[in-house]
*Asks:* 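Take this structure, written in structure tokens, and hold onto it; I'll ask about it next.
Values reported hereafter were calculated over all heavy atoms of this structure, with side chains retained and with hydrogens, waters and symmetry mates removed.
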Amino acid sequence: FPVTIFGVKDILVVRNNHKVWEGRHVKIGDMASIQALMVEAAKTGKTLFVTTTSQKEGSVYGTVSLERSVLAANPNLKVLRIDSKTVHQLGHAAAEFMAKLEEDEIGAGEGHSGLSALEYLKQFDVIIVSPVIEAGVSIDLYGWFDEQYSFLQGNLPAENCIQQML
């Protein structure tokens with residue numbers, strides 16, 4: 001239906017009623033309250049998928065800080081942090097994940113180590129990702145995660161943030 005937004009007339013607004021799975025809820029709030037919800041979910045051992053637009057160690061909502069807060073809430077969780085540092089760190093699970101993505105793309109030929117990239121992810125309770133895997137990586141594990149949290153901050157195009165959340 002055409003509406004007027006910010007003085008621009010006849011903008012078409014499309015409402016998508018599609019639901020990927022039953023029970024999907026979206027909560028919007030300030031980042032501190034969203035982080036508190038994430039920490040509470042970690043305490044109860046829920047399987048979490050967390051996206052953030054920051055990786056820097058000093059960033060409150062960066063991959064490093066979010067990993068710390070999840071592990072402080074529940075040190076028994078198996079956490080995979082995927083950011084520009086971990087994907088290049090030899091022997092790190094994030095580097096292994098990236099290698100599996102390449103193997104999946106090439107096919108199950110010589111050198112394929114067994115598990116697909118998606119099956120590999122299922123070994124972790126919490127996956128925290130930065131924009132290092134923003135484009136070209138599809139984590140199609142519908143219904144696998146109990147909850148998803150997104151920490152979107154900074155001066156970023158809306159398209160980038162939306163792609164991370166999907």
Side-chain angles (χ1 to χ4, degrees), residues 19-27 29 31-108 111-154 156 160-166:
K19 295 179 184 173
V20 177
W21 62 85
E22 283 298 315
R24 184 174 185 179
H25 301 283
V26 176
K27 294 180 182 175
M31 290 211 249
S33 63
I34 298 299
Q35 184 180 22
L37 291 171
M38 180 194 71
V39 167
E40 193 57 40
K43 283 180 186 176
T44 62
K46 289 188 175 180
T47 305
L48 308 178
F49 185 74
V50 181
T51 62
T52 182
T53 54
S54 177
Q55 161 215 304
K56 293 185 180 179
E57 198 162 339
S59 173
V60 176
Y61 304 108
T63 56
V64 175
S65 295
L66 293 173
E67 179 184 37
R68 279 191 196 126
S69 63
V70 164
L71 287 172
N74 187 342
N76 297 318
L77 292 175
K78 212 171 165 191
V79 179
L80 173 59
R81 177 171 52 99
I82 304 173
D83 59 30
S84 63
K85 287 190 179 180
T86 60
V87 297
H88 298 294
Q89 197 173 18
L90 194 60
H92 193 283
E96 179 71 17
F97 169 69
M98 296 303 279
K100 289 188 176 297
L101 280 176
E102 288 182 32
E103 289 175 1
D104 290 351
E105 202 170 291
I106 294 168
H112 196 279
S113 63
L115 288 177
S116 71
L118 293 179
E119 289 298 317
Y120 182 76
L121 291 179
K122 289 182 177 182
Q123 299 178 84
F124 299 91
D125 303 307
V126 178
I127 299 169
I128 302 171
V129 300
S130 75
V132 75
I133 62 167
E134 181 178 281
V137 176
S138 182
I139 299 179
D140 296 328
L141 294 173
Y142 299 110
W144 176 258
F145 300 102
D146 295 316
E147 296 183 13
Q148 176 181 343
Y149 295 89
S150 293
F151 296 87
L152 309 170
Q153 59 185 349
L156 299 165
N160 295 35
C161 296
I162 292 168
Q163 186 166 347
Q164 260 200 328
M165 290 189 301
L166 298 176

*Asks:* Return the CG to CG distance between Leu71 and Leu66, rounded to the nearest 0.5 Å.
*Replies:* 11.0 Å

*Asks:* Would you name the heavy atoms of Ser65 and Ser59 that are closest together and state the gap between them?
*Replies:* OG-O, 2.7 Å

*Asks:* Taking all non-hydrogen atoms of both residues, which atom of Ala94 and which atom of His92 are closest, and how far apart?
*Replies:* N-ND1, 2.9 Å

*Asks:* Using the side-chain contact (heavy atoms from CB on, under 4.5 Å) definition, which of the options Ile127, Leu121, Val126 pairs with Phe49?
*Replies:* Ile127

*Asks:* Starting at CG of Leu48, measure out to CG of Asp146 and round the result to the nearest 0.5 Å.
*Replies:* 7.0 Å

*Asks:* Taking only residues at least two apart or on different chains, which pairs with a member in residues 36-48 satisfy side chain to side chain donor-acceptor pair (under 3.5 Å)?
*Replies:* Lys46-Glu147

*Asks:* By the ring pair (Phe, Tyr, Trp, His ring centres under 6.0 Å) test, which pairs, at least two apart or in different chains, include something from residues 56-87?
*Replies:* Tyr61-Phe151

*Asks:* Side chains of residues 77-84: which donor-acceptor partners sit under 3.5 Å, not counting sequence neighbours?
*Replies:*
from: Arg81; atom 1: NE; to: Glu67; atom 2: OE1; distance (Å): 2.8
from: Arg81; atom 1: NH1; to: Asp83; atom 2: OD2; distance (Å): 2.6
from: Asp83; atom 1: OD1; to: Lys85; atom 2: N; distance (Å): 3.1
from: Asp83; atom 1: OD1; to: Thr86; atom 2: N; distance (Å): 2.9
from: Asp83; atom 1: OD1; to: Thr86; atom 2: OG1; distance (Å): 3.2
from: Asp83; atom 1: OD2; to: Thr63; atom 2: OG1; distance (Å): 2.6
from: Ser84; atom 1: OG; to: Gln55; atom 2: OE1; distance (Å): 2.2

*Asks:* Considering all heavy atoms of both residues, which atom of Gln89 and which atom of Ala95 are nearest to each other, and what is their separation?
*Replies:* O-CB, 3.5 Å

